Amino acid sequence: MQKKKKNRNEVVLCSAEGTGGCSRLAAMDLASNLGGKIDKAEVLSAVQKYEKYHVCYGGQEEERKANYTDMVNKYYDLVTSFYEFGWGESFHFAPRWKGESLRESIKRHEHFLPLQLGLKPGQKVLDVGCGIGGPLREISRFSSTSITGLNNNEYQITRGKELNRIAGVDKTCNFVKADFMKMPFPDNSFDAVYAIEATCHAPDAYGCYKEIFRVLKPGQYFAAYEWCMTDSFDPQNPEHQKIKAEIEIGDGLPDIRLTAKCLEALKQAGFEVIWEKDLAVDSPLPWYLPLDKSHFSLSSFRLTAVGRLFTKNMVKVLEYVGLAPKGSLRVQDFLEKAAEGLVEGGKREIFTPMYFFLARKPDLDRN
């Protein structure tokens, strides 16, 4: 019986503990895509410019906010291939039940959104900050809706279009390259809007939520998972500040807002908040478990400390022999710093990647 040939996507998602050939192909795929749309000769320079935005390298919050488009674009050009190598197509965390795999928890976390939004077949939905479209494809198939992914990074959109074609959703799902602070859509365009760990990149939560409010139809809903500092965060605590700075540099963030600030911005933008909760609080297994050095899993090997060390050494070799651009190892280093910050932030309960809210745009004609 002839063996079915793997497509490019299947090769990327092959687990590190699989066959040697599969691992080699995945490694080459990672190497060839490092830097995204940045010229390979310019990757090291882009890394240096990106690092200078952040506290660890003397950067200031106001500078990050003023230059958020450049900073976030550089970040995703540099890290997307690493994310896809480690996470697959969905770059986000999830609350997790005992006995549930990471991939199962991620899908359940994605399905939770259309259920909360009350999506119906045929509706037109907006995914704000869609990455390469993993959640977009999953939610579209789950809810039979048409989803537009909004993203300001050209490399991620190119990759997302290819994956949409492979998944067979390219007729119902599309991508638009634009800044979510200035969306190119008419007022009242969408039946629902969601964002998964994406609007944390906005320099101003109110400005972002106000744009979402504008393009959402009256009476309809917006749901999101936000990255936030919790009420336990103490801005005067140097350790807390260090953890926050590590997450910011490792995840392309101008700042990390408190949960209360997100809630306040939603209301200022005009939304009625239906309910909100930090979903990390009741998760049977900690959301940061895949990154914790004390944890090991074959099914999510590449995210574990051992898997990350394997990736680091592999990238070191690839960069040394010239298959990966210079600067690739520097990217791996700040992603490792982010992992450490995320785990510490989770353990100390000062940070959450899953502050959830469901909000409604009032229908003034009906009220």
Side-chain angles (χ1 to χ4, degrees), residues 47 49-72 74-76 78-79 82-83 91-93 129 195-209 224-266 276-281 283 286-293 303 305 308 330-357:
V47 172
K49 287 175 183 173
Y50 171 76
E51 287 174 337
K52 284 178 182 176
Y53 280 122
H54 291 276
V55 172
C56 313
Y57 292 85
Q60 300 295 320
E61 180 186 321
E62 288 311 310
E63 188 184 359
R64 292 195 298 277
K65 287 182 175 180
N67 297 283
Y68 75 95
T69 302
D70 179 65
M71 184 190 73
V72 175
K74 276 189 174 63
Y75 175 77
Y76 279 113
L78 294 168
V79 307
F82 279 104
Y83 273 14
F91 309 156
H92 63 82
F93 294 99
I196 301 178
E197 302 182 19
T199 47
C200 50
H201 291 294
D204 167 33
Y206 166 75
C208 181
Y209 295 161
Y225 299 129
E226 280 282 13
W227 280 34
C228 293
M229 305 312 292
T230 70
D231 292 340
S232 299
F233 173 71
D234 177 4
Q236 305 307 315
N237 184 319
E239 275 300 306
H240 287 196
Q241 284 288 6
K242 178 177 177 287
I243 289 166
K244 180 174 180 281
E246 286 175 345
I247 297 171
E248 286 168 351
I249 187 171
D251 295 284
L253 304 177
D255 186 27
I256 309 175
R257 292 175 278 274
L258 289 166
T259 53
K261 290 294 182 184
C262 285
L263 201 57
E264 182 184 316
L266 271 175
E276 47 82 28
K277 184 180 180 180
D278 178 3
L279 299 183
V281 173
S283 179
W287 59 266
Y288 54 82
L289 188 65
L291 302 177
D292 194 339
K293 287 182 177 177
L303 295 177
R308 298 199 305 272
R330 291 265 286 268
V331 177
Q332 172 67 20
D333 285 342
F334 69 64
L335 287 175
E336 182 60 29
K337 194 173 286 186
E340 292 169 3
L342 288 165
V343 171
E344 276 304 302
K347 285 182 174 178
R348 298 185 187 214
E349 299 181 351
I350 63 170
F351 169 80
T352 177
M354 53 191 72
Y355 176 59
F356 171 80
F357 56 75

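Every value quoted in this text rests on a predicted model; they were computed, and no experiment measured them.
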> What heavy-atom pair brings Y206 and A265 nearest, and what distance separates the two atoms?
Replying inline: N-CB, 3.7 Å

>> Less than 4.5 Å apart, side chain to side chain, heavy atoms only: is that true for E248 and R64?
In response: yes

>> For C200 versus W227, what's the shortest heavy-atom pair and its separation?
In response: CB-CB, 3.9 Å

> If you look at every heavy atom in L342 and W287, which pair is closest and at what distance?
Replying inline: O-CH2, 3.4 Å

> Of the non-hydrogen atoms in A338 and D251, which two are nearest, and what is the gap between them?
Replying inline: CB-OD2, 3.5 Å

> Under the side-chain contact (heavy atoms from CB on, under 4.5 Å) test, which residues partner V72, sequence neighbours left out?
Replying inline: Y76, H201

>> One pair to check against side chain to side chain contact (heavy atoms under 4.5 Å, CB included): H240 and M229. What are the steps and the verdict?
In response: CA-CA 10 Å; H240 287 196; M229 305 312 292; over 6 Å; no

> Distance from T230 atom OG1 to D278 atom CG, nearest 0.5 Å?
Replying inline: 7.0 Å

> With a cut-off of 6.0 Å (strictly less than), are more than 12 heavy atoms of other residues, nucleotides or ligands near CG of D231?
Replying inline: no

>> Could you work out, with side chain to side chain donor-acceptor pair (under 3.5 Å) as the rule, every residue matching K242, not counting sequence neighbours?
In response: E246

>> According to salt bridge (Lys or Arg N to Asp or Glu O under 4.0 Å), who are the partners of E197, at least two apart in sequence or on a separate chain?
In response: none

>> Using modelled atom types and a 3.5 Å cut-off, is there a donor and acceptor pairing between side-chain atoms of N237 and backbone atoms of E239?
In response: yes

Would you list the atom pairs, donor with acceptor, under 3.5 Å between side chains in residues 254-263 and any protein atom, with sequence neighbours excluded?
unit_1	atom_1	unit_2	atom_2	d
D255	OD1	K244	NZ	2.7
R257	NH1	A202	O	3.1
R257	NH2	T199	O	2.9

> Going from NZ on K74 to CG on N67, what distance comes out if it is rounded to the nearest 0.5 angstrom?
Replying inline: 9.0 Å

> D204: what forms a side chain to side chain donor-acceptor pair (under 3.5 Å) with it, not counting sequence neighbours?
Replying inline: none

> Which heavy-atom pair separates Y225 from L279 by the least distance, and what is that distance?
Replying inline: CE2-CD1, 3.8 Å

>> I'd like to check the side chain to side chain donor-acceptor pair (under 3.5 Å) partners of Y68; sequence neighbours left out, ordered by chain and number.
In response: D179

>> Among residues at least two apart in sequence or on other chains, which ones pass salt bridge (Lys or Arg N to Asp or Glu O under 4.0 Å) with E63?
In response: none

>> Under the rule for side chain to side chain donor-acceptor pair (under 3.5 Å), what residues qualify as partners of K49, not counting sequence neighbours?
In response: none

>> Using side chain to side chain contact (heavy atoms under 4.5 Å, CB included), reason through L335 and R308 one step at a time and then give a plain yes or no.
In response: CA-CA 10 Å; L335 287 175; R308 298 199 305 272; over 6 Å; no

> Is it true that atom NZ of K277 has more than 12 heavy atoms of other residues, nucleotides or ligands lying nearer than 6.0 Å?
Replying inline: no

> With sequence neighbours excluded, what pairs up with E226 under the salt bridge (Lys or Arg N to Asp or Glu O under 4.0 Å) test?
Replying inline: none

> Minimum heavy-atom separation for F351 to C228, with atom names?
Replying inline: CD1-O, 3.3 Å

> Which residues pass the ring pair (Phe, Tyr, Trp, His ring centres under 6.0 Å) test with Y50, sequence neighbours left out?
Replying inline: H54, Y75, F334

>> According to side-chain contact (heavy atoms from CB on, under 4.5 Å), who are the partners of P235, at least two apart in sequence or on a separate chain?
In response: F233, Q241

> Salt bridge between K337 and D333, side-chain N to carboxylate O under 4.0 Å?
Replying inline: no

>> I'd like to check the side-chain contact (heavy atoms from CB on, under 4.5 Å) partners of K347; sequence neighbours left out, ordered by chain and number.
In response: Y288, D292, V343, E344

